[in-house]
Amino acid sequence: MTATGTFGLSTEARNLQWLLGNLVEEVPGVRSVAVVSSDGLMLLSSDPATQQTTTVSTGAGRPDGPRGSSADLATIVSGIGSLTIGAARLMDGGGVKQTMVAMEEGSVFVMSISDGSLLGVHATPDCDMSVVAYHMALFVGRAGHVLTPEVRSELRKSMESTQ
């Protein structure tokens, strides 16, 4: 069992929140970020309405992320993840490591985390895709060994209590 900190979360869960906030704040062009469990539930979000992390304002009166909600991003990430996993099975392609969707007004990146969870990023159309992918890989590398079943359960309960 992990020790619970001052915010009611374990050190591991708070470190994951910090890593997610850092990804949003430090990587140019990132609008919003969500971590989704293998069963489609949001574990972490850059949406300040659901987590105490900070989002980057996109300016010009545009909302952060899809429709301004990391919950929407989590839904998209879960769907893209399911679709690409199914496609990989049909094509005998092995495990899906990363998916990227480029659109006129932005990009969505989805990267697998070692426990079956997914990291999703919504970015601006002018972002440097290689920089976003690099920082996502760093997050996945750091988060993969920390997302134990206990921490995932703790993060789910935290998300449920903020909604």
Side-chain angles (χ1 to χ4, degrees), residues 2-3 5 7 9-59 64-66 69-85 88 93-103 106-156 158-159:
T2 57
F7 298 108
L9 292 176
S10 67
T11 301
E12 293 87 353
R14 284 187 313 212
N15 285 343
L16 286 172
Q17 287 180 333
W18 179 84
L19 283 171
L20 184 101
N22 209 31
L23 178 64
V24 173
E25 292 173 10
E26 299 296 323
V27 181
V30 171
R31 289 180 172 163
S32 61
V33 181
V35 175
V36 181
S37 67
S38 58
D39 55 357
L41 298 173
M42 187 163 47
L43 299 176
L44 288 169
S45 163
S46 65
D47 189 346
T50 57
Q51 288 294 323
Q52 297 303 315
T53 57
T54 306
T55 58
V56 175
S57 176
T58 57
D64 295 333
S69 171
S70 291
D72 290 339
L73 177 61
T75 301
I76 292 164
V77 167
S78 182
I80 289 172
S82 294
L83 180 64
T84 55
I85 289 168
V96 177
K97 296 179 183 180
Q98 180 179 339
T99 305
M100 196 270 303
V101 179
M103 302 166 283
S107 298
V108 175
F109 301 82
V110 179
M111 192 172 285
S112 298
I113 300 176
S114 63
D115 71 332
S117 299
L118 300 168
L119 170 64
V121 171
H122 180 223
T124 60
D126 61 343
C127 74
D128 185 332
M129 293 179 187
S130 62
V131 170
V132 173
Y134 172 76
H135 284 278
M136 287 178 70
L138 289 177
F139 180 93
V140 166
R142 293 173 180 151
H145 68 282
V146 178
L147 272 172
T148 63
E150 294 83 13
V151 172
R152 284 193 309 269
S153 176
E154 179 182 3
L155 290 170
R156 280 187 194 143
S158 171
M159 292 300 292

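Reckoned from all heavy atoms, side chains included, excluding hydrogens, waters and symmetry mates.
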A.B. asks: First locate atom CD1 of Ile113, then atom OG of Ser37, and finally report the distance between them rounded to the nearest 0.5 Å.
C.D. replies: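 If I round to the nearest 0.5 Å, the distance is 10.5 Å.
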A.B. asks: Decide side chain to side chain contact (heavy atoms under 4.5 Å, CB included) for Asn15 and Leu19; before the verdict, give the C-alpha distance in whole Å, the side-chain angles of both, and the deciding distance to 0.1 Å.
C.D. replies: CA-CA 6 Å; Asn15 285 343; Leu19 283 171; 5.5 Å; no
A.B. asks: So which atom in Ser107 and which in Ala102 form the shortest heavy-atom distance, rounded to 0.1 Å?
C.D. replies: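 Shortest heavy-atom separation between Ser107 and Ala102 comes out as OG-CA, 4.0 Å.
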A.B. asks: Would you tabulate the side-chain donor-acceptor contacts of residues 129-147 under 3.5 Å, counting partners in other chains and residues two or more places apart, or write 'none'?
C.D. replies:
{"unit_1": "Ser130", "atom_1": "OG", "unit_2": "Asp128", "atom_2": "OD1", "d": "2.7"}
{"unit_1": "His145", "atom_1": "ND1", "unit_2": "Arg142", "atom_2": "O", "d": "3.3"}

A.B. asks: Donor-acceptor pairs under 3.5 angstrom involving side-chain atoms of residues 73-83: please list them, not counting sequence neighbours.
C.D. replies:
{"unit_1": "Thr75", "atom_1": "OG1", "unit_2": "Ala71", "atom_2": "O", "d": "3.1"}
{"unit_1": "Ser82", "atom_1": "OG", "unit_2": "Ser78", "atom_2": "O", "d": "3.2"}

A.B. asks: Within the distance-only criterion (no hydrogens, no angle test), does the side chain of Glu154 pair as donor or acceptor with the backbone N or O of Ala13 below 3.5 angstrom?
C.D. replies: no
A.B. asks: Taking only residues two or more places apart in sequence or in another chain, which ones pass salt bridge (Lys or Arg N to Asp or Glu O under 4.0 Å) with Asp39?
C.D. replies: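 Asp39 satisfies salt bridge (Lys or Arg N to Asp or Glu O under 4.0 Å) with Arg156 only.
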A.B. asks: When rounded to the nearest 0.5 angstrom, what distance separates OG in Ser46 from CD in Gln17?
C.D. replies: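 Separation between the atoms: 12.0 Å.
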A.B. asks: Which heavy-atom pair separates Pro28 from Cys127 by the least distance, and what is that distance?
C.D. replies: O-CB, 4.2 Å
A.B. asks: Do Val110 and Thr84 have side chains that get closer than 4.5 Å, going by heavy atoms?
C.D. replies: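 No, every pair of side-chain atoms sits at 4.5 Å or beyond.
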A.B. asks: Go through the steps to decide whether Leu118 and Ser112 satisfy the test side chain to side chain contact (heavy atoms under 4.5 Å, CB included), and finish with yes or no.
C.D. replies: CA-CA 5 Å; Leu118 300 168; Ser112 298; 4.0 Å; yes
A.B. asks: Between atom OG of Ser117 and atom CE of Met42, what is the distance when rounded to the nearest 0.5 Å?
C.D. replies: 13.0 Å
A.B. asks: Quick check: do Ser153 and Glu150 have side-chain heavy atoms less than 4.5 Å from each other?
C.D. replies: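 With C-beta onward as the side chain, the pair stays apart.
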A.B. asks: Quick one: pull up CG in Leu119 and CG in Leu43 and give me the separation to the nearest 0.5 Å.
C.D. replies: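 Going from CG on Leu119 over to CG on Leu43, the span is 11.0 Å.
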